[in-house]
Structure formats: C-alpha cells, structure tokens
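Comments concern the structure below.
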Amino acid sequence: MEIVATRNTIKTVENTTNMESEECQKPKISIKNVKVWYDDFQAIKGISMDIKPNAVTAFIGPSGCGKSTFLRLFNRMNDYVDGFSMEGKIKIDGSNIYKKKIHVEELRKEVGMVFQKPNPFPKSIFENVAYGLKIQGITDKKLLASRVEKALRQADLWEEVKNDLKKSALALSGGQQQRLCIARTLAVEPSIILMDEPTSALDPISTAKIEDLIFELKEKYTIIIVTHNMQQASRISDYTAFFYLGELVEYNKTNTIFTKPEKKHTENYITGRFG
Amino acid sequence: MVSEKNTNQIMNKIRVNRWKDQLFKVWGVACTLIGLILLVVFIGDILIDGIMRIDWGFVTDLPSRKPEKAGVFTALMGSLWVLVLTTFIAFPTGVAAAIYLEEYAKKGRFSAILEINISNLAGVPSIIYGLLGLEIFVRILGLGASVLAGSLTLSLLILPIIIVATRESIKAVPKTIRDASYALGASKWQTIWNQILPAASGGILTGVILSLSRAVGETAPLIVVGALAYVPFAPGHPLDDFSVLPIQIFNWISRPQHGFIENAAAAIIILLLVTFMMNGVAVYYRNKWQKKWK
C-alpha cells in the first residue's frame, strides 16, 4: 500500500513539473543516431534518445523490433555476436562508450545486466554474488562478506538465504535465482542496470517481488527494462519507449504513453490490437 | 469421406509398420549383444588361461627366460611412465588448443582448415604416428628409443581426440553462463578460467581419460619408435629404454613355450584392469558432471 501511495505522489509531482526544467536535467545515457547491422540485416535504423537518471525506462514493442539489441548496446554485449556492426554515438555520463580506448570490462562494472532467464553460476550463493568482486581482484574476506550481505539485502534476498550461503545457487527457486542475479549485479555497484525481460520466466508472486525491488532500486540506479508485459511497463516505469521494426516510434512519460499516446501505432500496440 | 477400402489400406500400413518396428528391435538387440557376447567370451577365455598365473610376484618380477619366473614389472612400469608423461604432454596441449579454437579463433577459412585437419588427424592410422615419432623425436630431436619419445608420439596420437572432446564440452556450457560472467565485467580470460573450464571439466576429463586408455593399449607406434620387448630394468628417467604391456604380451605370445602363453593371458588381464579402471574413473566424472547441470 505504501508503495502505491509513493508512486502516486511521484506521478503528481512529475505532472506538475514543467517540461523545460526536465530538459535541463543531464541525461544518464544519450544516444545519437544509432544504427545496428547483423551482417546485411539492419536491426536498428537510426535511433536517438536520452535516458534519464534515477528513473525506470521501459522498452516495449513486438518480438524482433530491436529492443533487446538496443538494450545490449549499453554494456556492449553485442560485441560478441557474429556479424555485428554499428554506427552512431552512445554516451554514458558524457563519455562515448564505443570509442577505441574504452575498457569494456570497466564499462560493464558501471552498467550491470539482468537476463531473461535466471542464470546463476553453478556455484554457491556466496560465490555467485562475490564473483564480480573477485574478478576485480578483491580478496579481503571481510570486505567480500560485507559486500555480499549488502547486495543480498538490497535484492531482498538476505533473510531467505543468510543461513545457506554455502548452498548451491541452483537449489533456489526461479524467483530467488533471479533476485540472486540482481544481487550479483548490485554487488559490483553499477550506476545503470539493464534488465532484459527479467520476469518473463517467473510466476506472478516472484514477478511482484522483482517489481517492488525495481521500484526501490531506482532511487539509486538508472534502470532500463525490456518487457513484453504492458501492465508491467505501466506499473513500474517512469518513461516508456515503443519500438517497432528497428525504429523508435514513441518515447514519453509512461503516463502519457498509456493514456494519450501521440501515434496511432503506439495506441494499437498497448491496447493489444497488434503485436 | 473415408471409404472402406481406404480404411483397410491404412490398417494394413499400420500393421506393416508395427511389424517393421518389431523386426528392427530384434535386429538391434542382436547387434548389441554380438559385441558384448564376444567380449565376455574373450575375457572368460583369458581369465581361464591366465588368472592362476597372477600373484604379487608376477606383478613385481623382472622379465626372465623362464616363464614361471618372468613378471610384468618392467612393462607395467613402462606403461605407467608412458601414461604419466603422455598425460602431462597431451592434456595441457589439447585443452589449450581446444580453448583457442572454440573461444579465440575467428570463424573463417583458417579455422575451417584447422578443424578439418584435426578431424583428419584423428583418422590417421597409428603406425603412421609411429613413423612420424621415429623421424622427429627419435632421430631429429635425438631422444632415442626412450620413454619420452614414445610418450610424445602417443601424445600426438591422442591429441585430436582430446581437442574434439574438449571443444564439445566447452560448447555444451550454456551461453547464459558466459553472458552472466561478461556482464559482470569479467574479461575473456576470467570467464574461461572461472566459469567455462570448471563447468566443462567433467566432459574434458572424460575425453582425456578415454583417450589415455587408448594410448595405454597402443602397440604399433611404440614398436616403430623402438620400444623394446626385453628391458632388464624399469625406466627411472624419461630418456631410459622402455617396454610397455602390449609389447610384452605380443612378445610372449610369439614364444613357443606354453608357460609364456599363460603369462601373456595374465598380462592381458592386468592391461585390461588398467584400462577398465581408467574408464571407470571417466564414467564417474561424467555422471558427477551431468548431475551438476540437471
């Protein structure tokens, strides 16, 4: 109940803020005319947009519209895909993440990612959360333990697993595994979290837990979530972007997109008339 | 509209198919059993001939002209030396090559040629490897007919098998694990070392052990390299002369005295024990690995 109340207040505040002052706010991610190809197939056809900090931005659109590809540009996960090439600029906090000098590993500490299916490592719960820290060279056991606990608490999982940290992560339920994956991401202390349909493999109760969690996390993090679930987008996001066939059709406050979309296309999609 | 004629035709077809199914089942069982029955008969025959001959003395005795005094000690030690050296040479080389091919090599003509040739290597007759080993290791590198030259030759022989097995198990690691590791800021090396190799280790070990048990049974390439049928002492050094169990068996079988035939049977039992034990370890690791991923 509290959450709903907060949510409503936020919405009112947003509605009363005039657009100009928001325009002045520095974007967390700024995308300029980005095009992506897989061999000859053009998956993204020139998209420009700004992502606001400390907010949840939802990417919606039918399967194959390029939203996941677009999401994976921000932590350069497409780099490993055969035939991938891109044009355009993506800046995070003002610096181009596709310039030559950048260390992809550093970028990914800043930009965490949660995947569609929970994908814990076949290791203990503790090792899963500590992995991101260990690969940074952190070996101090006390520090590791405290960071692991902090991350698990943030992901709302600590109370459920605090006595079983040595148990295999694969023994957890699907929803717990996904929260573990979120904890694992949080442990590295990123500023942006990318979520690629994080609840599509989960039951409604686990989904609700993850949604509450996303709502809490946006105070500190910039969150971008790809979702096929319209209700989810309207429940948890502040901004919504609708993609279709590699293009950004409409991008606005979630409230506006879901109540009075500018484009007919968007309206058809969110009301379920196609897609 | 289905006429009665049509229905009959369909029923007939179903009957014929069932009949074919049954026939194939019988054929399949027969094919499976042929191999098994022959193996059982063979092992039974060997056991009858040789089991009485096996005692601690047979394992620890040096070779002798008198069959009742002869033992397999030098050959067994030679086989173990070959096994250990081959492991140390072939395991790291094969796994490293597989990691390179699977994770680093750019897909293109070069890697395609490499891949085809590795498959070809797996099909080269072992005696050819023997000749290769004789020329390169024994003569050019001047290692002589040593246990090291033999092990290097056998390493070449099993390298393709190890590479193929390792690549298959690396491929079997779910892509999601890789993604998760990269997304947390791990480098390629960290991902391979911390996630992919541990996850693939069961399959890799299985492949390595099976290929080693093949190496232990190889005779032809070692004869060409120059392993001896009679060595008075077990090798104490990688450059020492050596014999191995299969050569010892071959040598004993070609002797006229009946006692040596019995010795050969006993030596076969010991060789089989070694390979069965290795296969057992391989099966154990495979099961353990499968459990982890279910």
Side-chain angles (χ1 to χ4, degrees), chain A residues 68 71-72 74-83 103-123 127-138 151 168-171 177-178 180-190 192-196 201, chain B residues 98-115 166-206 284-294:
Chain A
S68 283
L71 186 79
R72 285 162 172 257
F74 305 143
N75 63 345
R76 298 192 52 167
M77 283 298 275
N78 289 325
D79 289 16
Y80 301 110
V81 181
D82 284 332
H103 288 290
V104 179
E105 291 82 13
E106 293 296 322
L107 170 70
R108 293 194 184 128
K109 282 168 204 160
E110 195 58 25
V111 187
M113 185 163 209
V114 177
F115 296 85
Q116 186 171 359
K117 269 194 193 154
N119 56 351
F121 301 122
K123 300 185 174 197
E127 287 299 325
N128 262 277
V129 183
Y131 181 66
L133 303 169
K134 283 191 174 173
I135 56 176
Q136 291 180 24
I138 299 175
S168 165
L170 299 181
Q177 286 187 8
Q178 194 62 306
L180 180 69
C181 292
I182 294 174
R184 183 172 72 181
T185 305
L186 294 175
V188 189
E189 299 186 339
I192 301 171
I193 302 173
L194 311 173
M195 297 186 168
D196 193 354
Chain B
I99 292 173
Y100 169 77
L101 286 173
E102 206 49 51
E103 299 286 333
Y104 289 93
K106 289 233 161 64
K107 304 278 173 266
R109 188 167 291 176
F110 177 65
S111 70
I113 291 173
L114 274 181
E115 257 168 60
T166 305
R167 291 188 66 184
E168 288 309 315
S169 16
I170 288 178
K171 264 187 212 158
V173 176
K175 187 179 167 294
T176 53
I177 296 295
R178 221 172 280 247
D179 281 351
S181 178
Y182 284 136
L184 287 168
S187 65
K188 196 161 198 170
W189 173 248
Q190 287 170 323
T191 301
I192 292 171
W193 201 243
N194 293 320
Q195 301 297 344
I196 296 176
L197 283 185
S201 62
I204 295 174
L205 279 179
T206 311
Y284 171 76
Y285 275 112
R286 189 169 55 216
N287 289 347
K288 203 172 149 191
W289 184 56
Q290 276 168 349
K291 237 178 252 159
K292 205 170 175 185
W293 284 99
K294 259 172 196 166

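As a basis for the values below, the full set of heavy atoms in this structure was taken, side chains included, without hydrogen atoms, waters or symmetry mates. To find a chain, count down the sequence lines: A is the first, B the second, and so on, and within it residues start at 1. The structure presented is a predicted model; accordingly, all values stated were derived computationally and were not measured.
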Just checking B:Tyr284: does its OH atom have more than 12 heavy atoms from other residues, nucleotides or ligands closer to it than 6.0 angstrom?
no
Rounded to the nearest 0.5 Å, how far apart are OH of B:Tyr182 and CG of A:Asn75?
13.0 Å
Does a sphere of radius 6.0 Å around CZ in B:Phe110 hold more than 12 heavy atoms from other residues, nucleotides or ligands, not counting ones at 6.0 Å or beyond?
no
The reported gap from OG in B:Ser187 to CZ in A:Arg108 (rounded to nearest 0.5 angstrom) is 10.5 Å
Check the pair B:Leu184, A:Arg184 against side chain to side chain contact (heavy atoms under 4.5 Å, CB included), reporting the backbone distance first and the verdict last.
CA-CA 8 Å; B:Leu184 287 168; A:Arg184 183 172 72 181; 3.5 Å; yes
Quick check on the interface: out of A:Tyr80, A:Phe121, A:Phe115, who has the most heavy-atom pairs with chain B under 4.5 Å?
A:Phe121
Engaged part of A:Pro120 at the chain B interface, taking heavy atoms whose separation is under 4.5 Å:
backbone
Where do B:Gln195 and A:Tyr131 come nearest, in terms of heavy atoms and distance?
NE2-CE1, 3.2 Å
Rounded distance [0.5 Å steps], CD in B:Gln190 versus NZ in A:Lys134:
12.5 Å
Interface moiety of A:Val104 toward chain B, non-hydrogen atoms closer than 4.5 Å
neither
Whether A:Asn119 side chain and B:Ile177 backbone form a donor-acceptor pair below 3.5 Å
no
Go through A:Asp82, A:Thr185, A:Leu194, A:Ile135 and name the one with the most non-hydrogen pairs under 4.5 angstrom from chain B.
A:Ile135
Flag the one option from A:Arg72, A:Lys123, A:Met113 with the top tally of heavy-atom pairs under 4.5 Å to chain B.
A:Lys123
